[in-house]
Amino acid sequence: MAGIGFGSRGGSDVGEMAGLGHNIVALCDVDANNLKAAGEKCKGARLYTDWRRMLESEKGQLDSVHVSTPDHMHAPIASAAMAVGKHVYVQKPMCWSVLEARHLAKQAAANPKLITQMGNQGHST
């Protein structure tokens, strides 16, 4: 699993995933302080500041991608992860427009083996 974005919600998410024993192999955040804190929770995870480089470098090592970034990046990152065949968990809101929603739905339909979920903390644990 890879996690992307570790501000307030993302920091909480990575703490929960690490506490449940998930194998987090890579972390990505543009903020060095957030990335360092997340890396301390997930010893051994490789650290990245560019999610595109992380997906390219780690695509053979990942089963899924967890997206907890500023809202405007949810759909682009989820789409890129799905394009390389990774299961995706995306924090809400999943996207910013009907066009983005339709694009993600089309990608999911094209690969029915992919598991995709939009996060709603009260119902996703």
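These figures come from a predicted structure and were not determined experimentally.
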Visitor: Let me confirm one number: the NZ-NZ distance from Lys41 to Lys36, rounded to the nearest 0.5 Å.
Guide: 14.0 Å

Visitor: How close do Trp51 and Ala80 get, counting heavy atoms only, and between which atoms?
Guide: CZ3-CB, 3.4 Å

Visitor: Which atom pair, heavy atoms only, marks the closest approach of His72 to Trp96?
Guide: N-NE1, 3.3 Å

Visitor: Just how far is it from atom CE of Met94 to atom CD of Gln117, taken to the nearest 0.5 Å?
Guide: 12.0 Å

Visitor: Can you tell me how far the CG atom of Asp31 sits from the SG atom of Cys28, to the nearest 0.5 Å?
Guide: 11.5 Å

Visitor: Grab the two heavy atoms, one from Ile115 and one from His87, that are nearest each other, plus how far apart they are.
Guide: N-ND1, 2.8 Å

Visitor: Testing the basics here: between Glu100 and Ala75, what is the closest heavy-atom pair and its distance to 0.1 Å?
Guide: OE1-CB, 3.5 Å

Visitor: Less than 4.5 Å apart, side chain to side chain, heavy atoms only: is that true for Val25 and Leu62?
Guide: yes

Visitor: May I ask you to test the Ser79-Leu104 pair for a side-chain heavy-atom distance under 4.5 Å?
Guide: yes

Visitor: Do His74 and Thr69 make a side-chain contact, defined as non-hydrogen atoms from C-beta onward lying under 4.5 Å apart?
Guide: yes

Visitor: Hey, what do you get for CZ (Arg46) to CG (Leu27), rounding to the nearest 0.5 Å?
Guide: 10.0 Å

Visitor: Quick one: list whatever passes side-chain hydrogen bond (donor to acceptor under 3.5 Å, both in side chains) with Arg52, sequence neighbours left out.
Guide: Asp50

Visitor: Quick check: do His103 and Leu99 have side-chain heavy atoms less than 4.5 Å from each other?
Guide: no

Visitor: Taking the side chain from Lys92 and the backbone from Met118, do they hold a donor-acceptor pair closer than 3.5 Å?
Guide: no

Visitor: What closest approach, in Å, do Tyr48 and Met54 show between heavy atoms, and which atom pair accounts for it?
Guide: CD1-CG, 3.4 Å

Visitor: If every non-hydrogen atom of Met82 is compared with every non-hydrogen atom of Gln107, which pair is closest and at what distance?
Guide: CE-CB, 3.5 Å

Visitor: Spell out, yes or no, whether Leu114 and Val88 are grouped together once hydrophobic residues are joined by side-chain heavy atoms under 4.5 Å, including indirect joins.
Guide: yes

